[in-house]
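One structure is given here, and the rest of the page talks about it.
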Amino acid sequence: MTGIPTDTIAALATAPGRGGVGIVRVSGPRVPDIAKALVGTLPEPRHARLASFRDENGFPIDTGLALYFPAPASFTGEQVLELHGHGGPVVMQLLLARVLSLGVRAARPGEFSERAFLNDKLDLAQAEAIADLIDSATEQAARAAIRSLEGEFSRQVHAITEALIQVRMYVEAAIDFPEEEIDFLSDAGLQQQLFQLRADFHELLARACQGHLLRDGLTLVIAGRPNAGKSSLLNALCGRDSAIVTDIPGTTRDVLREHIQLDGLPLHLVDTAGLQSSTDPVELAGMARARSAMGSADRVLLLVDDAVGWTLADDEIVSQLPANVACTRVYNKIDLTGRRPGEVPGMDPPALAISLQTGAGIDELRAFLKGSVGFKGFTEGGFSARQRHLDALRRALNALDSGITRLTEQRAGELLAEELRQAQTALGEITGAVSSDALLGRIFSSFCIGK
């Protein structure tokens, strides 16, 4: 991926299947030749031209619109041609095949966005926001992705990077020119700058965490003993009868997944088979899938029959959870026990009490789920963020914290400078100012073809 590509690529830019309009996108230096071969002439820049798209023998493949975008004023920064035809799969494949026959290469997934990045039309965070916008599961996620695409996240990263650079310049100048007798190790102003930087990092990380929640949501696994009400809870959160509910224990034998939103928070719900001792091979297979789902969850809701109470079987379920998976006890059937709905007093970690029969406590459970991850929805200054962005920010913050320790406790200026350099490098990974071919390849390969 090193260097600017010089070949020409093409792909379908619209989803597979039937539609009113389908688009073939072409990008690269051979666009003028392609346009002349297909429509007879190069269209006027940025004007839709009605044209007949013709095969190698001059016979029409389709009639549609041809749009030409000259470099560098195009999405990729290269010469771009878009052919808008009728959206039938056969027509689109014939049109794409005709383009490829003219010496054009089929584009890899995300290669158009990759070229936009390589040609400085977008930075890496903006390029990723394109895919996030396409994959948005909620309105708030789409708005956050648009903000990232417009450069909001990048601007905030650049601002904190610039502040970091100013501190680095001061520290390294003091190290390189000791004859100036700058006692920066005792400089209260430097310490104040570092503390302010740390506060700015925490604020940016908090916003990025919100953006990550809007993008990826929360994976919630509902687990527990048979007949505790797991499928009823799934239905209650979905607002419809998604799972079969009966009084017969063990009705659910497999994993059932639903995707909903909770006031803008994407929620990936997983209903699982009841966990108990069994010799039934089908039931054992269902329980194995349940345990696997629990291991990959962000949070497990462990449903307990309040009329039966907490048992050794519940203790065993909790003991099998990975240490990094949060678990919340949810006591159901309080209509039979008289327990008050909502948070159960005196429990750490917090537990909830509900009745799926009457609906009591369900609103409190929804509020708890949002609060458990600090979800606040889309706010002014919000943007979309990915896990790799959070990882980079945390590495940068850890390096800054180490640098502050080097200064305040060890009075080691050279080590402070190195920690600041590492913090700047981590920040550079977010926008692509610092990137490797392997990282870029992994990011753009997750995009859809034609984008």
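- A donor-acceptor pair shorter than 3.5 Å cannot be found between the side chains of Gln210 and His212.
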Verify side-chain contact (heavy atoms from CB on, under 4.5 Å) between Ile404 and Arg198, making sure each step is shown before the conclusion.
CA-CA 9 Å; Ile404 293 174; Arg198 180 162 60 187; 3.8 Å; yes
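- Side-chain atoms of Lys121 come within 3.5 Å of backbone atoms of Pro72 as a donor-acceptor pair (strictly under, hydrogens ignored).
- In this structure, Ser384 OG and Asp135 CG are separated by 10.0 Å, a value rounded to the nearest 0.5 Å.
- Residue Ala10 comes nearest to Leu100 through the heavy atom pair CB-CD2, 4.3 Å, listed as atom of the first residue, atom of the second, then distance.
- For Glu114 and Arg108, the salt-bridge test passes: some basic side-chain N is under 4.0 Å from an acidic carboxylate O.
- For the atom pair Gln424 CD and Thr161 OG1, the distance stands at 6.5 Å (nearest 0.5 Å).
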Dump the intermediate steps for side-chain hydrogen bond (donor to acceptor under 3.5 Å, both in side chains) on Gln166 and Glu162, then the final yes or no.
CA-CA 6 Å; Gln166 293 300 318; Glu162 184 58 33; 2.9 Å; yes
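- Within the 4.5 Å cutoff, the side chain of Leu204 has no heavy atoms near those of the Asp200 side chain.
- Salt bridge Asp391/Arg388: absent, no basic N to carboxylate O contact under 4.0 Å.
- When all heavy atoms of Leu214 and Gln140 are compared, the closest pair comes out as CD2-CB, 3.7 Å.
- Using a 4.5 Å heavy-atom threshold, the side chains of Leu237 and Leu269 count as touching.
- For the pair Gln126 (side chain) and Leu149 (backbone), a donor-acceptor distance under 3.5 Å is present.
- At least one side-chain heavy atom of Pro350 sits under 4.5 Å from a side-chain heavy atom of Phe368.
- Remark: Arg115 engages Asp7 in a salt bridge, criterion side-chain N to carboxylate O under 4.0 Å.
- The heavy-atom pair separating Gly224 from Leu302 by the smallest distance is CA-CD1, 3.6 Å.
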Does His158 form a side-chain contact (heavy atoms from CB on, under 4.5 Å) with Thr431? I'd like the steps, not just the answer.
CA-CA 9 Å; His158 288 316; Thr431 59; 4.1 Å; yes
Going through the distances and angles, do Leu164 and Leu420 end up as a side-chain contact (heavy atoms from CB on, under 4.5 Å)?
CA-CA 7 Å; Leu164 183 62; Leu420 293 177; 3.6 Å; yes
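- In terms of heavy-atom proximity, Thr138 sits nearest to Gly264 at OG1-O, 3.4 Å.
- No side-chain heavy atom of Thr8 sits under 4.5 Å from any side-chain heavy atom of Ser27.
- Atom CZ of residue Arg299 and atom CG of residue Leu369 lie 7.5 Å apart, to the nearest 0.5 angstrom.
- Judged by distance alone, the side chains of Gln156 and Glu152 do bring a donor and an acceptor atom under 3.5 Å apart.
- With respect to the salt-bridge test (charged N to carboxylate O, under 4.0 angstrom), the residues Arg25 and Glu111 do not qualify.
- Of the possible donor and acceptor atoms, none in the side chain of Ser74 sits under 3.5 Å from a partner among the backbone N and O of Pro70.
- Side chains of Thr328 and Ser372 form no contact here, defined as non-hydrogen atoms less than 4.5 Å apart.
- Remark: Asp55 does not engage Arg98 in a salt bridge, criterion side-chain N to carboxylate O under 4.0 Å.
- By the ring pair (Phe, Tyr, Trp, His ring centres under 6.0 Å) test, Phe153 is found to be paired with Phe383, His389, residues two or more places apart in sequence or in another chain being considered.
- A salt bridge is absent between Arg406 and Glu418; no separation between the charged side-chain nitrogens and carboxylate oxygens falls under 4.0 Å.
- The CD1 atom of Ile23 sits 9.5 Å away from atom CG of Leu83, with the distance rounded to the nearest 0.5 Å.
- A salt bridge links Arg386 to Asp132: one of the charged nitrogens lies within less than 4.0 Å of a carboxylate oxygen.
- Counting non-hydrogen atoms of neighbouring residues, nucleotides and ligands closer than 6.0 angstrom, the NZ atom of Lys376 reaches no more than 12 such neighbours.
- The main-chain N or O of Gly85 is never found under 3.5 Å from a side-chain atom of Asp62 such that the two would form a donor-acceptor pair.
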Evaluate the criterion side-chain contact (heavy atoms from CB on, under 4.5 Å) for residue pair His268 and Leu220; output intermediate values, then yes/no.
CA-CA 6 Å; His268 311 294; Leu220 193 66; over 6 Å; no
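- Nearest heavy atoms, Leu356 versus Ala236: CD2-CB, 3.9 Å.
- Interatomic distance, CZ of Phe117 versus CG of Leu122, reported as 9.5 Å (0.5 Å rounding).
- Side chains of Ile160 and Phe201 form a contact here, defined as non-hydrogen atoms less than 4.5 Å apart.
- Heavy-atom contacts from other residues, nucleotides or ligands closer than 6.0 Å to CD of Gln357 number 12 or fewer.
- Atom NE2 of His86 has 12 or fewer heavy atoms from other residues, nucleotides or ligands within 6.0 Å.
- Counting heavy atoms from C-beta on, the side chains of Met92 and Val24 come closer than 4.5 Å.
- The shortest distance between side-chain heavy atoms of Val171 and Arg168 does not fall below 4.5 Å.
- Scanning both residues, Glu429 and Ala392, for their nearest heavy atoms gives OE1-CB, 4.4 Å.
- For the atom pair CD (Glu128) and CG (Asp123), the distance works out to 9.0 Å, reported to the nearest 0.5 Å.
- Atom CD of Glu139 has 12 or fewer neighbouring heavy atoms from other residues, nucleotides or ligands inside a 6.0 Å radius.
- Under the 6.0 Å distance and 45° angle rule, Arg46 does not count as a cation-pi partner of Tyr68.
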